[in-house]
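This report refers to the structure that appears directly beneath it.
Just so you know, these numbers come straight off a predicted model, no measurement behind them. Reminder, nothing fancy here: chain letters follow the sequence lines and each chain counts from 1. These numbers come from the heavy atoms of this one structure, side chains and all, not from hydrogens, waters or symmetry mates.
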Amino acid sequence: MADPALQAIADAETQEEIERFLVEQERKDLLRFITCGSVDDGKSTLIGRLLFDSKLIFEDQLSALERDSKSAGTVRDGIDLALLVDGLQAEREQGITIDVAYRFFATDKRKFIVADTPGHEQYTRNMATGASTADAAVILIDARKGVLTQTRRHSFIAHLMGIRHVVLAVNKMDLVGFDRAIFEEIVADYRAFAEALDFETVTAIPLSALTGDNVLRRAAEATPWYDGPTLIEALEGIDAARDWSALPFRLPVQYVNRPDLNFRGFCGTITGGRVRPGDAVVVTPSGKATRIARIVDFHGDLDEAVAGQSVTLTLEDEIDVSRGDVIAAEAAPAQVTDQFAAHIIWMAEAEMLPERQYLFKFGSQTANGAVTELKHQVNVNTLEHGSAKTATLNDVVFCNVALDRPIAYDPYRENREAGAFIIIDRYSNQTVGAGMIAFGLRRATNLQWQALDVDKPTRAAAKGQKPAVLWFTGLSGAGKSTVANLVERKLTRLGRHTYTLDGDNVRHGLNRDLGFTDVDRVENIRRVGEVAKLFVDAGLIVLVSFISPFRSERAMARELVEEDEFVEIFVDAPLAVCERRDPKGLYAKARAGAIKNFTGVDSPYEPPETPELRLAAGDRPAEDLAEDVVAYLRARGLID
Amino acid sequence: MSERLTHLRRLEAEGLHIMREVAACFERPVLMYSIGKDSSVLLHLAQKAFYPAPPPFPLLHIDTTWKFKEMIQFRDRRAAEIGMDLIVHTNQEGLRQGVNPFASGSAVHTDVMKTQALKQALDMYRFDAAIGGARRDEEKSRAKERVFSFRSSAHRWDPKNQRPELWNLYNTRISKGESIRAFPISNWTELDIWQYIHLEGIEIPSLYFAKERPVVAREGQLIMVDDDRIPMAPGEQPMMKTVRFRTLGCYPLTAAIESEAKTLPEIIRETLVTRTSERQGRIIDHDQAGSMEKKKQEGYF
């Protein structure tokens, strides 16, 4: 047993000795780091080595490891340390790590949590995930190969995710005879490149994960020319507690604890600064000011709490505070905006479309929003900026985001927790992206609404009707425009004021500049949704007849108006029927390849899940379907 | 209060954050309580997260009917002391079919009386979030588990299709029938658990402490004779040995270790010095290679 602390505890004779040891152990701090490298850089072997040498492998694990090494190992003799780390069975069989795995070990001075992140090309998202909670990055380089494209990529992502400390582990030094010149050339290469990334520290170490040289054990024989730290010494020496407690105080309210009328506690994790009872604070976005009354804790009230702690605060005044609000130092409140510029890492197979609505989650705040402008894409290998219309899996883009309500934030560079967000698809509920706020956009605060004296209720009353959007969706040839036309005639006969927005007609004018790619389809529907909203504001009944193939955009159109003003009508005719009808000859052209991105042929149609009205349009005459719509509007009370 | 939080305080803060996120984002959360030391820490974190209120969710215990008697007494007493509702669920169909660890083997017993029973309970009470005490250091496949881990409406875990999890921003969105398992102590090691129990003075069942207990040897492991359901070979007599348990489960599936550790510091010393990992005492993991991963996909915690 090499570890002196373990030896001491093993030899401890009395309860007091053990107690003393425990109290000491409980004072250790924690460093979280990621390891990144290319596929064969020996990352898993390095982590296996750290676990093995720090005595974190138990005997039964060791015997399982020996057994596994014989069947799946890639090391001819002895044990394959990488097998300790490569978790899931399928991955083990493929011989590669494919997700983020977390590992734990400790030394005398510190505890460590390692995120093992994969090295191959397409897995930017996994590395970003591992890096998001890491204080430091260990970047592996194969001494035989030097600085590679992947090395640059990993370093850039580490920088992007706000990591300040890098350890450059030049591995497999045993395979180049521990040659000093080779090591120094690699380090010079790396430093030249990394200068632009502005890391606080970069520590380069010549080592071999396989033999253990300069990992935990100083390799005096192999590298007599090297007098820097071993890997573990470097990790123990990193001062990652960049002083979050020196930042202005921030508490995003996560949960309101209100067991009875006498107690109202605001719970959350402090993302910056420190707090004491009596401190003057302001609640954003409401802007109400008060003072901290107590910091309530299970073991008795606290005199002070600092960044990183999860606390319960009570306030001196009874002001309205709910989940999503941020309690901040009065002298330096959080910024508030509904528009900002941010880096986004896209993490889903489905591409990111500008103007499509997603959920954005910041701390405990969630808002609907969309990317309004994609400024540029960052090539993670060259760091060059390129143009892009959409973002696909593993893309890093810089863009403007607009939300449906203001949120409190700090720029990511100033406060990681207060400037980070994730993007969630509203239908699949998948996490599709991660972002870091660069800065708020002033526009948001300068552009204001002009108050008008004549409003929607007044205009509607003048027409003696309830305004609404009748949104007809369905395949081309389903009969949307035919039915909408008949419905409008009937409504006009009933003395209603109406207007029809027809897909083809609008594309001749307002949307003349748009094509049929997914990006343009989203913009097409966004504009029509906005126009429909204006007409509803004018007091009209608007009939919208658009294929509108995507659920997200129909939902966006729905959310532009009041809940009871939107009627989604699914004109549901089977594709075969539509194709047989083919009133405009479009299906024939699409099948012949003359038209691209045709809905139903080579572009998807997402049928509504819960439309207000579904018209079985395959077999019934359009006149009957139009009657169904009018009957529905009567039943809903939209017309008399 | 020192500037730099200790590792235990950082882990604790993360645990409290996760507890509160579950309470804030789900309609029907539940805390999976399995009575062991990890569950004791979980319960303590729940108490701290919502103090001065009691935790705003019930406890759920899946009772296979083969737990140590002392575990059941401990469970009932703790739930009452903290003032939490306790739901105990047993797979009645499994009982009727006579499934038990001796005749059915550990694999069938665990599947029917734990995995299936858990799914039954989650369905019956329509829980949309279940807080569990799994730790990433326990077993290789758990190292990749998310903190908020998505389960399909059939309670399945798909390791290839997990939601990316960044910072402390957890995606809590689910559709009807789907659920989330949340793991507040994901990043704790066994030693962290013991140190935290020591630091906070958390009560744990006395089975963890060495004492003279009646045991029999089965396939090289010591099994405690907790009641008379354990089959004896002709002429076999339980031996009295000073033993304790590193982990608590169904008594026929949980091996005791010989030990003199009678106090918490002694247990911690033994844990530090020992070279046999925790789950070895649990027989279910040895059924087949990658067996925990298979059980997890099927819905075992």
Side-chain angles (χ1 to χ4, degrees), chain A residues 6 9-10 12 15 18-19 22 25-30 58-61 87-89 99-104 111 113 125 128-129 132-133 241 243 245 254-255 257 259 263 267 269 296-298 304-306 308-310 312 323 347 359 361 363-364 416-417 420-422 424 429-431 434, chain B residues 1 3-14 16-17 20-21 23-24 47-54 136-137 140-141 143-144 159-160 162-169 171 173-175 186-187 189 191-192 195 198-199 263 265-266 268-269 272-277 280 289-290 293:
Chain A
L6 278 186
I9 179 89
Q15 295 282 326
I18 310 178
E19 283 282 355
L22 284 173
Q25 292 293 306
E26 285 159 6
R27 282 203 202 112
K28 281 182 190 174
D29 73 348
L30 175 67
F58 295 111
E59 264 162 21
D60 60 329
Q61 287 175 336
L88 301 189
Q89 207 175 20
D99 203 354
V100 188
Y102 297 90
R103 300 286 156 192
F104 309 85
K111 302 209 67 136
I113 300 180
R125 82 168 201 179
T129 302
S132 71
T133 50
D243 219 353
S245 50
Q254 189 190 10
Y255 180 84
N257 191 1
F263 186 86
C267 311
T269 303
V296 179
D297 186 77
F298 185 75
E304 184 179 55
V306 296
Q309 278 181 283
S310 289
T312 299
R323 176 177 162 90
M347 302 193 155
L359 280 173
K361 182 170 182 178
S364 51
R416 251 169 123 177
E417 303 284 331
F421 59 92
I422 57 169
I424 301 169
N429 290 333
Q430 275 290 340
T431 303
Chain B
M1 174 67 54
E3 290 299 294
R4 195 178 291 187
L5 295 181
T6 65
H7 73 277
L8 290 176
R9 290 302 173 209
R10 259 180 92 170
L11 291 171
E12 176 188 65
E14 183 180 60
L16 301 182
H17 183 87
R20 289 166 179 162
E21 196 69 3
Q47 277 186 281
K48 285 192 101 165
F50 303 102
Y51 177 84
R136 285 171 172 160
D137 84 321
K140 271 189 286 196
S141 77
K144 302 194 173 188
K160 297 269 178 200
Q162 299 194 77
R163 295 171 174 181
E165 201 161 70
L166 295 99
W167 301 287
N168 60 357
L169 294 175
N171 180 349
R173 298 261 301 179
I174 51 169
S175 298
S186 282
N187 287 325
T189 63
L191 187 58
D192 295 329
Q195 288 183 344
H198 178 255
L199 184 70
T263 66
E266 283 169 358
I268 298 175
R269 174 170 68 169
L272 272 170
V273 174
T274 191
R275 302 273 292 170
T276 301
S277 84
Q280 172 131 56
E293 186 178 335

[X] versus chain A, heavy atoms under 4.5 Å apart: side chain, backbone, both or neither?
| X | answer |
| --- | --- |
| B:Glu12 | neither |
| B:Pro54 | neither |
| B:Ser186 | backbone |

Report summary line: Per-residue tally against chain B (heavy atom, under 4.5 Å) across A:Gly363, A:Ala434, A:Cys267, A:Gly308 peaks at A:Cys267

Requested in this report: For chain B, find which of A:Arg416, A:Arg323, A:Arg27, A:Met347 contributes the most heavy-atom pairs closer than 4.5 angstrom.
Outcome: A:Arg323

Report task. Measure the CG-CG distance between B:Leu8 and A:Leu30 for me, rounded to the nearest 0.5 Å. Result -> 9.5 Å

Query raised in the report: Out of curiosity, B:Thr189 OG1 to A:Lys111 NZ, how far, rounded to the nearest 0.5 Å?
Result: 4.0 Å

Compare all side-chain heavy atoms of [X] with those of [Y] and state whether any distance is below 4.5 angstrom.
| X | Y | answer |
| --- | --- | --- |
| A:Thr312 | A:Asp297 | no |
| B:Thr6 | A:Asp29 | no |
| B:Asp192 | A:Phe104 | no |

Report summary line: Closest non-hydrogen atoms of B:Leu169 and A:Lys361, given as atom of the first, atom of the second and distance, are CD1-O, 3.7 Å

Per-residue contact mode, [X] against chain B (heavy atom under 4.5 angstrom):
| X | value |
| --- | --- |
| A:Gln254 | both |
| A:Ile422 | both |
| A:Tyr102 | both |

Report task. Check whether any side-chain N or O of A:Gln309 sits under 3.5 Å from a backbone N or O of A:Val306 as a donor-acceptor pair, and report yes or no. Result -> yes

Query raised in the report: For the candidates B:Glu21, B:Gln195, B:Arg9, B:Glu165, which exhibits the highest count of non-hydrogen atom pairs separated by less than 4.5 Å from chain A?
Result: B:Glu21

